[in-house]
Protein chains: 2
Amino acid sequence: MDVRALETLRAVRTQGGVSAAATVLHLTPSAVSQQLAALTRDAGVPLTERIGRGLRLTPAGEALADAAVDVAVAVERARAACAVFLDRPEGTVRVSAFQSGARLLLPGLLTRVAALDGIDLECSDEDVAQDEFPALTDRVDVVVAHRPDGGAGWPGEGARLRVVPLLREPLDVAVPADHPLAGRGSVRPGDLVDEEWIAVRQGFPVARVLEAVAAAAGAPPRIAHRINDFSVVEALVAAGHGVSLVPRHTGGTHPGVRLVALAGVRAGRRVEALLRPDVAERLVVRRVLDELVAEAAEVSGPAPVR
Amino acid sequence: MDVRALETLRAVRTQGGVSAAATVLHLTPSAVSQQLAALTRDAGVPLTERIGRGLRLTPAGEALADAAVDVAVAVERARAACAVFLDRPEGTVRVSAFQSGARLLLPGLLTRVAALDGIDLECSDEDVAQDEFPALTDRVDVVVAHRPDGGAGWPGEGARLRVVPLLREPLDVAVPADHPLAGRGSVRPGDLVDEEWIAVRQGFPVARVLEAVAAAAGAPPRIAHRINDFSVVEALVAAGHGVSLVPRHTGGTHPGVRLVALAGVRAGRRVEALLRPDVAERLVVRRVLDELVAEAAEVSGPAPVR
DNA sequence: ACGTCCATGCAGTGACACTACAGGGACACG
DNA sequence: CGTGTCCCTGTAGTGTCACTGCATGGACGT
């Protein structure tokens, strides 16, 4: 039973197909298909079944993919067992974050890690829909993700995916500086029924929060634009093209925008680090993760995260 | 980090050298040496150090070998995860036992396993010293071993070695049928000070028990012969060449020999099954092990084993 | 009906792990 | 103190095997 093939099977599951798995594994689809065939022959039972033009894992395949995670964890533990005897942890860690999270955390993280000698950090920003965050763990080591506060957890959380909470960020209402509500200490959903909204794209993490706020006000929101980048959002808000929900620590940088706290409804997002369980065993990754947690605690203020 | 090399490292530890490890792995010493070199390069720290003309694992090597066990366990779990989806467990299991244990347990085990379709059993008998039992787990799947009752456990028991208790067997004194003590219900160590003894070879499992018995009598034992095979021992006893300690369920088959219970001193042996933790994950091995435990319970009588 | 996408099979090639053999150090013996 | 033996470690050679590239077939959408 080849460990490499097990890793491939795991990638096929999370990526949802042979071609996608081949991409993250830096292989051709043919190689992945052959590995699957060899693994199936070895296992004695079908591990995948064709579904349309793609394929899906059978129950046996799912079970084997679960076991593959444990194998990968054991292998990384072995590597970590040696790394303990090295004088200092070395290596490169790849971190990806969604835009606002990247702007909030990555600068501080980079300075922190620069102080630790021997650790290289490769950062990237990723703009993906809510349910695509877990699959990113195949491309990078640490994925800084976010999800609506109070929503469901991540699929596979625990066994397939390790989740480390970083911070909770309330969502405030961004209004133009000359807006009637700009001076208010807080607003309630009912105050906002007449506003035009600038929302994020469908399926992206905080999209549902606006719906919840509007539901509290009793009317569906009037969405004028769908913009993902909060700096663009603030520019539009400042120009009077609508109001928006923006994370408190991320927003408020534009001079023409005021943030007003939202009362009477629970609106916020959780920022969390996502890792594959095997990657979480690497010592360098743990060091970086520690710094990331510390940085998150600092930027979210002295108040406790949870 | 190659899983095969990790397995090799583990074998080098248990076998105590490159050549011995090469033998059990069905490789040449050169191949083992090269795998070790590659693994060391990968780990970044020395895993072995030369000691005389052999070699020994460094602390890092020990740690990595421990981790290698976990890797092997995870891989076998993966294989077992697939085997669950097969209609019935199949495969071959190799069992080895010391002579008297083999005579006691293997016939019944073979009939039991023959009733289970699809499982092949390969049996062998091994005559090794006490401290060589664990290393046998590299050659066969299940090692039926024995050790003096009350003695220390096996090295590496738990993490490196799985131990399954089978039965406890008291040691009786075998005397000729015409011996003055032959009719007695039990004898005490003091009754035996004048006897000549037939012992097992130095270092073999129950060698120390005789010393303990003699110590209770207050005089060192007079050992006339050292014979490992109990059927040979009984033949010598029947011919009047001395008395001996023999396991109760094993001995007493020779017509010219009587077994007398030993009172006033704790004399017995524990028969146990030894397995590598990864091998213990295989479903077929578990099935065979269940039958072995059941067989042991049957031959040791209705009394509880422990 | 056609184009696109995806998984799979087959031939070719390159890397890599093994065997065989030689070399060097360490212990035991005469 | 020399010699023999044992054991581990390098080097050259070879065979195996996994990957790439390309062609094929099926499925979905237009």
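Because the structure is a prediction, the values reported are computed rather than measured. We name chains A, B, ... by the order of the sequence lines, and we start the count at 1 in each one. The figures here come from the full heavy-atom set of this structure, side chains too, leaving out hydrogens, waters and symmetry mates.
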Between C1' of C:dA7 and CG of A:Leu9, the distance in whole Å:
15 Å
Please state how far atom CD in B:Gln35 lies from atom P in D:dT9, giving the value in whole angstrom units.
13 Å
Counting side-chain heavy atoms from C-beta on, which of D:dT9, D:dC8, C:dA7 comes nearest to B:Ser33?
D:dT9
Considering the options A:Val93, A:Thr92, A:Leu275, which one meets the side chain to side chain contact (heavy atoms under 4.5 Å, CB included) requirement together with A:Asp141?
A:Val93
Looking at A:Arg10 and A:Asp278, does any basic side-chain N land under 4.0 Å from a carboxylate oxygen?
no
Between B:Asp2 (CG) and D:dC17 (C1'), how many Å, whole number?
14 Å
List the steps and the verdict of salt bridge (Lys or Arg N to Asp or Glu O under 4.0 Å) for A:Glu122 and A:Arg94.
CA-CA 5 Å; A:Glu122 293 181 3; A:Arg94 289 162 305 173; 5.1 Å; no
Take the protein atom CZ of B:Arg41 and the nucleotide atom P of D:dT9, then report the distance between them rounded to whole Å.
13 Å
Could I get a table of every N or O pair under 3.5 Å where one atom is in the protein and the other is in nucleotides 24-30 of chain C?
none

Does one side chain, of A:Arg160 or A:Thr137, offer a donor that lies under 3.5 Å from an acceptor on the other?
no
Under a plain distance cut-off of 3.5 Å, with no hydrogens placed, do B:Gln35 and B:Thr8 share a side-chain donor-acceptor pair?
yes
Expected output is a numbered-order residue list: members of residues 22-30 of chain B with a heavy atom under 4.0 Å from any atom of DNA chain D. What is it?
B:Pro29, B:Ser30
With side chains defined as the heavy atoms from C-beta onward, is the minimum distance between A:Arg79 and A:Arg282 less than 4.5 Å?
no
Figure out the CG/P separation between B:Asp42 and C:dC16, and round it to whole Å.
13 Å
Within this structure, what is the CG-to-P distance between B:Leu36 and D:dC7, rounded to whole angstrom?
16 Å
Looking just at side-chain N and O atoms, do A:Ser30 and A:Gln34 make a donor-acceptor pair shorter than 3.5 Å?
yes
Grab the CZ-P distance between A:Arg4 and C:dA15 for me, whole Å please.
15 Å
Would you tell me if any nitrogen or oxygen in the side chain of B:Gln34 comes within less than 4.0 Å of OP1 or OP2 on C:dT19?
no
Are B:Glu7 and B:Arg276 ion-paired here, with the side-chain N under 4.0 Å from a carboxylate O?
yes
Going through the checks in order, is the salt bridge (Lys or Arg N to Asp or Glu O under 4.0 Å) test met by B:Arg77 and A:Asp70?
CA-CA 9 Å; B:Arg77 285 230 176 94; A:Asp70 293 335; 5.9 Å; no
Rounded to whole angstroms, how far apart are CG on B:Leu39 and P on D:dT9?
13 Å
